[in-house]
Amino acid sequence: MATVQIIQDRTFWENTTPLEAKKMLEEPYFSYLLEVKEKEFEDFLVPYFWMFRSEPDLKRVLNHSNFQVEYVLQFLYFGYGKYISSGNTEIAPFFTQMRSILSSEQSFRLLTKVNDLVYDPTMKIQLLANLDAKSWEDLFAYYEEEEGGAISVLSLFERVGNEEIRELLFHNPILSNYLRMILALESLESDRYSSFFKIVPPILESLVIWERFSRDMLNAFPLEEEKNLPPAKRNQNRLSIILHELLKIPRNETVFVSNYLLANQVFLDNWERNLILSALENYSNAKVFF
């Protein structure tokens, strides 16, 4: 039977085994998957796509530039439904897995080609978090050229909550610098983005403080040398300074600020980060660190 006929044949899919279905991700079938019709994808393929989500061949299909982004989004929603229906209530692990499957380039395509994402701020913020430096630059260029200028990039943040915006800015220095440029060049009188202009400047001011703190710590301590030492032999003064600085900020900010410090190597590893977060939790509950 010809390749197309195999994949289109309902009897084949109703009676196939997972092992046989997995072969559909390989040549000579791979190229056909890039052109599959919506009905075929819904009826036959999306459950198997979810089953094989960790397979390199599946990732190759999902992230291919010719694979329809609407199908990618349908795959994500199908997976989310399966995840929730399995009794999971914490959504963070699902999105962590999602970002490990999707490439930065495919996340960019979803953000620029799927209009319905404007109504799903949770999915949108996860895709934004999955962009690498090049994809952020491509996204800014897209909005400047296709959507009416630099300020139009702010439409990405419509319906996104304050805490999600704060976390995203702390994780993406390129985005933070771009928004600083917009705030410097654009009028802040826009009715459409008025709430954004109220939210973002204080976040960026806070970020400047932690950028300066990170530079000072990197200059004050030989972190490259400490990195190779076991935790017990590292400079405890450094961790004490970090602990007391984090005490000054609201509790709901400590997690993403600590993530920022880890990304900037002020925390040398997760062990240090978790130690300080645990000490802060103890202090909040019992007024003792350890």
For [X] and [Y], work out which heavy atoms get closest and say how close.
X	Y	value
Q106	R109	OE1-NH1, 2.8 Å
F170	Y260	O-CD1, 3.1 Å
L62	V72	O-CG2, 3.6 Å
E272	V266	OE1-O, 4.2 Å
L169	I203	CD1-CG2, 3.6 Å
F221	I241	CZ-CD1, 3.9 Å

For this session: Answer yes when R251 and E281 have at least one side-chain N-carboxylate O distance shorter than 4.0 Å, and no when they do not.
Result: yes
Exercise. So does K233 pair up with E226, basic N to acidic O under 4.0 Å?
Worked result: no
Just checking [X]: does its [atom1] atom have more than 12 heavy atoms from other residues, nucleotides or ligands closer to it than 6.0 angstrom?
X	atom1	value
N115	CG	no
E225	CD	no
Q265	CD	no
K227	NZ	yes

Check whether any side-chain heavy atom of [X] lies under 4.5 Å from a side-chain heavy atom of [Y], and answer yes or no.
X	Y	result
L139	Y143	yes
L268	R238	yes
P93	Y83	yes
L73	M123	yes
Y80	M98	no
L127	R99	no
D132	E137	no
L204	S176	yes

Exercise. After noting the C-alpha distance and the side-chain angles of K124 and L128, does the key distance pass the side-chain contact (heavy atoms from CB on, under 4.5 Å) rule?
Worked result: CA-CA 6 Å; K124 184 167 60 174; L128 289 169; 4.3 Å; yes
Are [X] and [Y] grouped together when hydrophobic residues (ILVMFWY) are joined by side-chain heavy atoms under 4.5 angstrom apart?
X	Y	result
W271	F289	yes
V61	M51	yes
L229	L218	no
V255	L247	no
F78	I91	yes

For [Y], does its backbone N or O pair with a side-chain atom of [X] as donor and acceptor, under 3.5 Å?
X	Y	result
S214	W210	yes
S85	G81	yes
S107	S103	yes

Quick one: pull up [atom1] in [X] and [atom2] in [Y] and give me the separation to the nearest 0.5 Å.
X	Y	atom1	atom2	result
N252	E167	CG	CD	11.5 Å
Q68	K113	CD	NZ	10.0 Å
E253	R166	CD	CZ	4.5 Å
D138	L131	CG	CG	9.5 Å
N88	K82	CG	NZ	12.0 Å
I101	S54	CD1	OG	6.0 Å

Just by distance, no angles: are the side chains of [X] and [Y] close enough, under 3.5 Å, to form a donor-acceptor pair?
X	Y	result
Y77	D120	yes
R273	N259	yes
S240	N237	no
R180	N177	yes

For this session: Begin with the C-alpha distance, continue with both residues' side-chain angles, and end with the deciding distance and a verdict on side-chain contact (heavy atoms from CB on, under 4.5 Å) for L261 and F213.
Result: CA-CA 9 Å; L261 296 177; F213 175 76; 4.0 Å; yes
What class does the angle between the rings of [X] and [Y] fall in, given that below 30° is parallel, 30 to 60° is tilted and above 60° is perpendicular?
X	Y	answer
Y178	F140	parallel
Y71	F67	perpendicular
Y142	F108	perpendicular

Exercise. Given the rule in the side-chain contact (heavy atoms from CB on, under 4.5 Å) test, do K59 and L102 qualify, once you have shown the distances and angles that lead to the verdict?
Worked result: CA-CA 7 Å; K59 294 179 183 180; L102 279 187; over 6 Å; no
For this session: Apply the test side-chain contact (heavy atoms from CB on, under 4.5 Å) to residues R53 and Q97: give CA-CA distance (whole Å), side-chain angles for both, the deciding distance (0.1 Å), then the verdict.
Result: CA-CA 9 Å; R53 60 190 178 277; Q97 185 179 46; 3.2 Å; yes
